[in-house]
Amino acid sequence: MANANAPTGFRHVGSLSGGAYTMQYSVTTIASNYSTKIYDGDVVVRVAGGGIEKASPGTGVIAGVFWGCQYVSVSTGDTRFSRMWPGADAVSGTVKAWIIDDPFAVFEVQATTGPITAADVGANVQFAAGTGNDYTQMSGASVGSPDVTTTLPFRVVSVNVFGSDVTSAYNRVQVVFNNQAFRQLAGI
């Protein structure tokens, strides 16, 4: 059966270390005047002066994958815990953000091309930012075709993802960080 083209960003599913599944994350910040939405599963980068912003595809070092935030809402005055940064609605001050930045984290993500096959395990891939979903608060990020470019942000570690047809486009794969702040770069 063919796979649906329905990316949901980078979903943390485990660790290369083989240890117990734990959500290994760090706490950082988002500038309260940062107007770009960041969804659960989006790739983020560190910015000058501290904090994070949504990453654009490229070969620069990434910080990790966004997992949620906490802020004081301008509209209600309440503290909100959210799986997405709405790009507005925060009072001046610090917006607390959680990112998954464990160098051994394994993520499940959809390929926008493909299929990505077993022969591609070990290859590096670029991400596509995609369009997030305000209702589910999930990212629309995905990955593209495997490549030998050593500075791409992710590396394919498995294509045998339950429920994904590995013989057709839009299959789901498992990836790890390749060009990330706590991980050294490696080629194929």
CA sep, side-chain torsions, deciding dist, call: S139, K54, side-chain contact (heavy atoms from CB on, under 4.5 Å): CA-CA 11 Å; S139 169; K54 186 173 180 176; over 6 Å; no
Hydrophobic cluster membership, V27 vs Y34, 4.5 Å side-chain cutoff: no
Shortest non-hydrogen separation from V95 to S32 and the atoms involved: CG2-CA, 3.9 Å
Expected output: side-chain Q180 to main-chain A63 donor-acceptor under 3.5 Å: yes
Close side-chain approach of N171 to I116, heavy-atom, < 4.5 Å: yes
Heavy-atom closest contact (A141 atom, G41 atom, distance): CB-O, 4.2 Å
Where P146 and A123 come nearest, the two heavy atoms and their spacing: CB-CB, 3.6 Å
same_hphob_cluster(V109, F154) at 4.5 Å side-chain heavy-atom cutoff: yes
side-chain contact (heavy atoms from CB on, under 4.5 Å) assessment of V159 paired with V173: CA-CA 5 Å; V159 296; V173 298; 3.9 Å; yes
Smallest separation among heavy atoms of T149 and T59, with atom names: CG2-CG2, 4.5 Å
Spacing of I62 atom CD1 and S56 atom OG [to the nearest 0.5 Å]: 12.5 Å
Interatomic distance, S158 atom OG to D120 atom CG [nearest 0.5 angstrom]: 12.0 Å
Cluster link V143 to V43, ILVMFWY, side chain under 4.5 Å: yes
From Y170 atom OH to S142 atom OG, the distance as rounded to the nearest 0.5 Å: 9.5 Å
Distance-only donor-acceptor check, side chains N3 and S168, under 3.5 Å: yes
Basic-acidic side-chain contact under 4.0 Å: E108, R172: yes
Main-chain N/O of M138 paired with T136 side-chain donor or acceptor, under 3.5 Å: yes
Aromatic ring pairing W67/Y25, orientation class (parallel under 30°, perpendicular over 60°, tilted between): tilted
Same apolar cluster (I L V M F W Y, side chains within < 4.5 Å links), I100/W98: yes
Over 12 non-hydrogen atoms of neighbours within 6.0 angstrom of OH in Y71: yes
Aromatic contact, F66 with F10 (centres under 6.0 Å): no
F104, F182, F107 screened by ring pair (Phe, Tyr, Trp, His ring centres under 6.0 Å) with F177, the one that passes: F107
Donor-acceptor contact present, side-chain Q137 to main-chain D40, <3.5 Å: no
Gap separating the CG atom of D101 from the OG atom of S26, nearest 0.5 angstrom: 3.0 Å
Beyond-backbone contact of E53 with T36, side-chain heavy atoms, under 4.5 angstrom: no
K37/D42 salt bridge by N-O under 4.0 Å criterion: no
Distance-only donor-acceptor check, side chains D134 and Y39, under 3.5 Å: yes
Cluster overlap F127 with V175, hydrophobic side-chain contacts below 4.5 Å: yes
Separation between OG of S17 and CG of D102, rounded to the nearest 0.5 Å: 7.0 Å
Closest contact, heavy atoms only, A129 versus P57: N-CG, 4.1 Å
Beyond-backbone contact of I99 with V65, side-chain heavy atoms, under 4.5 angstrom: no
Nearest heavy atoms of V121 and V157, plus distance in Å: CG1-O, 3.7 Å
Distance-only polar pair, side chains of T28 and R46, donor-acceptor under 3.5 Å: yes
Spacing of C69 atom SG and I52 atom CD1 [to the nearest 0.5 Å]: 8.5 Å
R83 vs F81, side-chain contact (heavy atoms from CB on, under 4.5 Å): CA-CA, chis, key distance, verdict: CA-CA 7 Å; R83 292 178 58 195; F81 295 88; over 6 Å; no
Verdict with reasoning, I38 to I30, per side-chain contact (heavy atoms from CB on, under 4.5 Å): CA-CA 10 Å; I38 309 175; I30 302 170; 4.1 Å; yes
Q110 side chain vs A6 backbone, donor-acceptor pair below 3.5 Å: yes
Sidechain-backbone polar pair: S82 side chain, W85 backbone, donor-acceptor under 3.5 Å: no
Under 3.5 Å side-chain donor-acceptor pair for T151 and N179: no
Polar side chain donor-acceptor pair, T150 to R155, under 3.5 angstrom: no
